[in-house]
J.: 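Encoded as structure tokens, here's the structure I'll be asking about.
Values reported hereafter were calculated over all heavy atoms of this structure, with side chains retained and with hydrogens, waters and symmetry mates removed. Residue numbering restarts at 1 for every chain, and letters A, B, ... go by the order of the sequence lines.
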Amino acid sequence: MNYDFKKIEPKWQKKWEDAQLFKAEDFSKKPKFYGLVEFPYPSGAGMHVGHIKAYTSIEVISRKRRMQGYNVLFPIGFDAFGLPTENYAVKTNTHPRIITDVNIKKFSDQLRKVGFSFDWDRTIDTTDENYYHWTQWIFLKLYEHGLVFRDKTLVNYCPHCKVVLANEDSQGGKCDICHSDVIQLPKVVWYLRITDYAEKLLQGLNDVDYPENIKLQEVNWIGKSTGAFVDFSFNGVDEKIEIYTTRPDTLFGVTFMVMAPEHPLIDKYADRITNMDAIQAYREECARKTEFERTQLVKDKTGLKIEGLEAVNPVNGKVVPIFISDYVMMGYGTGAIMAVPAHDQRDWEFAHKFGIDIIEVIKGGDIEKEAYTGDGEMVNSGFLNGLTNKKDSIAKMTEYLVEKGIGHAGIQYKMKDWAFNRQRYWGEPIPLIHCPNCGVVPVPYEELPLRLPEIQDFEPGEDGKSPLARIPEFVNCTCPKCGGPAERETDTMPQWAGSSWYFLRYVDPHNNKAFADPEKIKYWMPVDWYNGGMEHVTRHLLYSRFWHHFLYDIGEVSTPEPYAKRSAQGMILGADGEKMSKSRGNVVDPLDIVKEYGADTLRVYVMFMGDYGSAAPWNDKSVKGCRRFLDRVGGMIDLVQDGDVEELETAVHKAIKKVSSDIEDQKFNTAIACLMGLINDIYKAGKIGRNQLISFIKLLSPFAPHITEEIYAELGGEGFLTVAPWPEYDEAKTVDAMIEIGVQVNGKFRGKVSIPKDCSKEEALAAGKAAPSVARFMEGKKLVKEIYVPGKILNFVVK
RNA sequence: GCCUCUGUAGCAGAAUCGGUAUAUGCGGCGGGCUCAGAACCCGCGACGGACAAAGUCCAUAGUUGUGGGUUCGAUCCCCACCAGAGGCACCA
């Protein structure tokens, strides 16, 4: 009973589109549902099966919501700026605009063939000037509010891609794009002050429905720690050296101090330091180390004592030596630490290597063997002696520091500011101007969009400059402030810029007066359900939350958090259980599946292959099984009778209940398994009522919309199944009249009995005892306890 | 090193509260249909040993990575361990 998917799939796709079934209606009186998927980067390779899995979940929810009477916004767009396109442009000497247009066309065609119910009228493209106009606008707002700054620092630089990378894009010391080793390069870069929003990004997690592991990953990434800043001083010099510590209670255990090699106070007191040459040599050695080497050397601490300078502990006046070491970093805290080797493992290792004293101030461990970081009685600690609780001693010490004016409580975050520029062509131009008189001047809002000039040569500059720097017509301009000659910033924004606010553009994609109409934002936002990959948790998700919080603070959007609910799909692995990759040759092209088995089969398969959030290997045989299931669905048309089939009634109502709740819980695999079970029952019965079949195809419709729509038409259904009301179940009909219940003796399963669903305890117990397989085990024993859990179990305890 | 998660049949994967472990699909086995079939239909099993098998017996037995514990009863809760995945990684 094969159905001709090649004919019916395009047919219904066209009919749905002609009937505009997926058009979201602004300000509709119906309840709204905004379902969002991470818009694709339109690569030349076309869609990956991973895209299908990522999109089908929200697709299923969106289709179900429409049937439930919601006004649904389910949009799609293209995140099209980025390096792969530009690299391909350089390689083929084709303009990135042309490549992007071709790829977007390809992706759109593919997405349509899978039957996704996107509202195509709202499609966006981040490289469209009508879109990046507003990316630049938001950037200028950030600038206006002091959240954009320039700093000269060591940056992660990829020599292959010739770009500066954010920490997030160079994890593990490898370039995220080409995987070559990243080197450290001194450079002036633009930053967005995301750290100003660390607390809001942390607190905001309390108000959203994200899976715990995603929340946790963001919390760890933000890395909040509470502690204290304490002022140490140099012996004999009037100078404060501020340190940050999470354990101010261990101040009496300080036996040395460590500063980051590049700490500026070292240069300030260079004339007092007698081994400056050695320090310079150590600094150079550190700068040469790659990220990889640094992580490999975690266990083996290196460092150098500063000769000629010593530090004074402010709580006891003790003079301690100062070291420099690259285990202390300039980028966290104050770039200097107090070292308490007895109670910090890193300090302990350093002290051991350099023969420094270790003074115990908390009892409980064996500091000969390792640092002790647990709780215990304070000793050798003056006024803290005798306290046994970490919290109390930290509080008492902090109080003391404030009283003496030598320190105060403080908070630190691990998160770094966001390096926000790239030296490449295919990105949003940064709308800033460098004027010799006025300094940095923003491009006036009315001059936006600042267009990317049409150029022929996209080769990145050897000097680490953007190709835009070679276009005098672009670079040379007049200063909007003083009218004098000035130069434009030639760097462009990073890949993450356009995706940091795209969900706002969907609510009003054609607006040319604002990024979106405030009323439409109020109507549609927040996104009700956003699905995407785990790999974006500490990047796109965090970045877009940051921008949205900012836009909320300046009154541009209606809620602080952009996404009410977030979910994440598990990866689809190759048939060999390994990550899909061209080099392994285990890549599955979703369009091949559509061609061979149909879009419905592909959709059902990716939803059925396992727990949605877990990784699962591709299995061609299992794809065929899904196709077989759909063929059996099509075959039910031959079993239809007018009236309901009584014996199937309970199974149908159970299925409505289970499929409805399973979809909400993202248990798509069990929803489909339930329908597979039901169809087995139907074939066993050899018949099905017309209305029962309609309920069945409604439940399947979000997963397999084409075949179900076709069956609905054959049954003479009115309108489209796609927007027919979602079936309801009768709770009373979801329970069987007679239930089978397990009977245990001493907790061991010994048999089962069939009893009426609402029978009394006495009846149940009697039935249990009467069962021959059970009676055997109770013969000659004394019954001490009878347990009856209605609907669950009978248990007889005997001796 | 720290944090999080996972471990169920040959494979993938089910199992609201602690209550008949293994739904569903793949693969396997048996049968039907057929000239034939990897197509379709029907059925079966999966967890020790014995008998050719139904069944019976060992056996009031065992069974969810391993070993303990709590409980009338544990895939589920607690403790310890083993294995795998992911995240962070000298964050003071």
Side-chain angles (χ1 to χ4, degrees), chain A residues 1-2 171-172 212-214 216-221 223-225 227 243-247 250 258 291 294-295 297-301 325-329 331-340 344-347 349-350 412-416 534-535 537-538 571 577 604-605 608-611 613-626 628-629 631-632 635 661 665 667 669-680 683-684 740-753 776-779 781 784-798:
Chain A
M1 193 59 60
N2 290 9
Q171 295 184 17
E212 278 310 311
N213 59 336
I214 292 184
L216 206 71
Q217 215 173 301
E218 292 215 342
V219 167
N220 289 341
W221 184 262
K224 181 179 181 173
S225 89
I243 60 98
Y244 175 72
T245 178
T246 53
R247 299 295 304 270
T250 62
V258 188
E291 195 72 25
R294 280 180 75 117
T295 51
L297 295 170
V298 164
K299 283 276 139 71
D300 189 22
K301 300 258 180 301
S325 173
D326 62 355
Y327 85 87
V328 173
M329 287 155 300
Y332 183 81
T334 62
I337 62 158
M338 64 179 214
V340 185
D344 180 290
Q345 190 57 27
R346 293 156 306 192
D347 298 347
E349 282 161 19
F350 194 88
Q412 280 292 303
Y413 301 94
K414 283 190 205 173
M415 188 170 60
K416 303 274 194 303
M534 284 307 290
E535 69 277 17
V537 169
T538 54
M571 213 190 301
V604 168
Y605 174 65
F608 180 65
M609 60 195 299
D611 172 56
S614 310
W618 186 268
N619 184 335
D620 279 318
K621 289 266 178 59
S622 201
V623 176
K624 279 185 199 167
C626 292
R628 200 170 296 150
F629 164 63
D631 284 336
R632 278 160 72 79
S661 64
D665 299 339
K667 290 157 83 175
N669 54 336
T670 52
I672 292 167
C674 171
L675 291 174
M676 286 172 166
L678 178 55
I679 207 168
N680 289 342
Y683 270 80
K684 216 165 279 176
E740 240 182 18
I741 184 167
V743 186
Q744 300 178 332
V745 178
N746 286 347
K748 298 232 179 280
F749 174 69
R750 295 303 176 201
K752 43 189 160 185
V753 288
R776 243 179 90 203
F777 296 101
M778 306 214 293
E779 234 166 78
K781 303 273 173 67
V784 280
K785 199 170 175 184
E786 297 171 326
I787 293 154
Y788 173 55
V789 183
K792 300 280 186 192
I793 202 84
L794 272 167
N795 189 10
F796 299 108
V797 184
V798 298

J.: Would you measure the distance from the P atom in B:A74 across to the matching atom in B:G69 and give it in whole Å?
T.: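 Pairwise P distance, B:A74 against B:G69, rounds to 12 Å.
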J.: Wobble G-U and Watson-Crick pairs count when both distances are under 3.5 Å; given that, what is the 5' to 3' dot-bracket string of RNA chain B, with | for pairing to other strands?
T.: (((((((..(((......[....))).(((((.......)))))...((((...))))......(((((..]....))))))))))))....
J.: Rounding to a whole Å, what distance do you find between A:Gln744:CD and B:U20:P?
T.: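 After rounding, the gap between these two atoms is 7 Å.
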J.: Say you pick atom P in B:U6 and the same atom in B:G68; how far apart are they, in whole Å?
T.: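 Here B:U6 and B:G68 have their P atoms 24 Å from each other.
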J.: Using the C1' atom as the reference point in each nucleotide, state the distance between B:C77 and B:U70 in Å, no decimals.
T.: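 It comes out at 8 Å once rounded to the nearest Å.
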J.: Which is true for A:Gln217 with a 4.0 Å heavy-atom rule: it touches a base, it touches only sugar-phosphate, or it touches nothing?
T.: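 Sugar-phosphate: the residue A:Gln217, judged by heavy atoms under 4.0 Å, touches backbone atoms but no base.
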J.: Of the listed nucleotides (B:C72, B:U24, B:C42), which one gets closest to any side-chain atom of A:Tyr683?
T.: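 Closest nucleotide among those given: B:C42.
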J.: With RNA chain B as reference, determine whether A:Ala673 or A:Tyr413 sits nearer its 5' end, using the nearest nucleotide of each.
T.: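 Final value for this comparison: A:Ala673.
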J.: Counting only side-chain nitrogens and oxygens, does A:Tyr332 get under 4.0 Å of the OP1 or OP2 atom of B:A92?
T.: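 For B:A92, OP1/OP2 do have a side-chain N/O of A:Tyr332 under 4.0 Å.
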J.: Using the side-chain heavy atoms of A:Val797, tell me which of these nucleotides is nearest: B:U20, B:G25, B:C72.
T.: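 Nearest to the side-chain atoms of A:Val797, counting from C-beta on, is B:C72.
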J.: Should A:Ser225 be listed as having a side-chain N or O under 4.0 Å from OP1 or OP2 of B:A92?
T.: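 Indeed, a polar side-chain atom of A:Ser225 lies that close.
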J.: B:C17: syn or anti, with syn meaning chi within 90° of zero?
T.: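 Syn, since the glycosidic angle lies within 90° of 0.
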J.: Taking atom P of B:A92 as reference, at what distance in whole Å does atom OH of A:Tyr244 sit?
T.: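 That distance rounds to 6 Å.
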J.: How do A:Lys684 and A:Ser622 order along RNA chain B: which one's closest nucleotide is nearer the 5' end?
T.: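 That would be A:Ser622.
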J.: Is the number of heavy atoms from other residues, nucleotides or ligands under 6.0 Å of A:Met534 CE greater than 12?
T.: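 Above 12, so yes.
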J.: With a 4.0 Å cut-off on heavy atoms, is A:Lys621 in touch with a base, just the backbone sugar-phosphate, or nothing at all?
T.: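 The residue A:Lys621 makes sugar-phosphate contact but no base contact.
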J.: Sticking with atom C1', work out how far B:C11 lies from B:G28, rounded to a whole angstrom.
T.: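 Between the two C1' atoms, the distance is 12 Å.
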J.: Once you apply a heavy-atom cut-off of 4.0 Å, does A:Gly223 come out as touching a base, just sugar-phosphate, or nothing?
T.: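 Result for A:Gly223 = nothing.
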J.: According to the interplanar angle, ranging from 0 to 90°, do the rings of A:Tyr605 and A:Trp618 count as parallel (below 30°), tilted (30 to 60°) or perpendicular (above 60°)?
T.: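 Because their plane-to-plane angle is over 60°, the rings of A:Tyr605 and A:Trp618 count as perpendicular.
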J.: Between B:C3 atom C1' and A:Leu216 atom CG, what is the distance in whole Å?
T.: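 For the pair A:Leu216 CG and B:C3 C1', the rounded distance is 7 Å.
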J.: Is there a donor-acceptor contact under 3.5 Å from the side chain of A:Tyr327 to the main chain of A:Val258?
T.: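 Absent.
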J.: Distance alone, cut at 3.5 Å: any donor-acceptor contact between the side chains of A:Asp611 and A:Ser614?
T.: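 There is such a pair (donor and acceptor under 3.5 Å, judged by atom type) between the side chains of A:Asp611 and A:Ser614.
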J.: Are OP1 or OP2 of B:C41 and a side-chain N or O of A:Arg628 less than 4.0 angstrom apart?
T.: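 Indeed not, no polar side-chain atom of A:Arg628 lies that close.
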J.: With respect to the phosphate group of B:C41, does any side-chain polar atom (N or O) of A:Arg632 fall under 4.0 Å of OP1 or OP2?
T.: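 Answer yes for this pair, as a side-chain N or O of A:Arg632 is under 4.0 Å from OP1 or OP2.
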J.: For nucleotides 6-13 of chain B, which of its nitrogen or oxygen atoms have a protein nitrogen or oxygen under 3.5 Å away, and what is each distance?
T.:
residue : atom : partner  : partner atom : Å
B:A12   : O2'  : A:Met609 : O            : 3.0
B:G13   : O3'  : A:Asn669 : ND2          : 3.3

J.: Does a side-chain N or O of A:Asn213 approach OP1 or OP2 of B:C3 to a distance below 4.0 Å, or not?
T.: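 Checking B:C3 against A:Asn213, no side-chain N or O comes under 4.0 Å of OP1 or OP2.
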J.: Could you tell me the separation between the CD atom of A:Gln744 and the CD1 atom of A:Ile793, rounded to the nearest 0.5 Å?
T.: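 Reported to 0.5 Å precision, the distance equals 4.0 Å.
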J.: First locate atom CD of A:Gln412, then atom OG1 of A:Thr245, and finally report the distance between them rounded to the nearest 0.5 Å.
T.: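 Reported to 0.5 Å precision, the distance equals 11.5 Å.
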J.: Base of B:C90, side chain of A:Lys301 - is there a donor-acceptor contact under 3.5 Å?
T.: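 Such a pair is found, so the answer is yes.
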J.: From the list B:A89, B:G19, B:A92, which nucleotide is the closest neighbour of the side chain of A:Asn795?
T.: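 Ranking B:A89, B:G19, B:A92 by closest atom to the A:Asn795 side chain puts B:G19 first.
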J.: Take atom CG of A:Asp344 and atom P of B:C90, then tell me their distance rounded to the nearest Å.
T.: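 Roughly 13 Å, once rounded to whole Å.
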J.: Which whole-number value in Å describes the distance from A:Asn220 CG to B:C2 P?
T.: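 Distance check: A:Asn220 CG to B:C2 P gives 14 Å.
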J.: For the atom pair CZ (A:Arg628) and SG (A:Cys626), what is the distance rounded to the nearest 0.5 Å?
T.: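 Atom-to-atom, A:Arg628:CZ and A:Cys626:SG are 10.0 Å apart.
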J.: Any heavy-atom pair between the side chains of A:Met415 and A:Trp221 that's under 4.5 Å?
T.: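 Side chain of A:Trp221 against side chain of A:Met415, heavy atoms only: contact under 4.5 Å found.
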J.: Take the protein atom CD of A:Glu786 and the nucleotide atom C1' of B:G19, then report the distance between them rounded to whole Å.
T.: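 In whole Å, B:G19 C1' lies 17 Å from A:Glu786 CD.
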J.: Which listed nucleotide (B:C90, B:U24, B:A92) is nearest to the side chain of A:Asn680?
T.: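 Nearest to the side chain of A:Asn680 among the choices is B:U24.
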J.: NZ of A:Lys624 versus C1' of B:U24: gap in Å, rounded?
T.: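 A:Lys624 atom NZ is separated from B:U24 atom C1' by 19 Å.
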J.: Work out how far the P atom of B:U20 is from that of B:G13, and round it to whole angstrom.
T.: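 One P to the other, the span is 23 Å.
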J.: Rounded to the nearest Å, what distance is computed from the CG atom of residue A:Asp665 to the C1' atom of nucleotide B:A14?
T.: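 Atom-to-atom, A:Asp665 to B:A14, this comes out as 14 Å.
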J.: Any side-chain heavy-atom pair from A:Asp347 and A:Ile337 closer than 4.5 angstrom?
T.: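 The answer is yes, as the side chains (C-beta and beyond) meet within the 4.5 Å cut-off.
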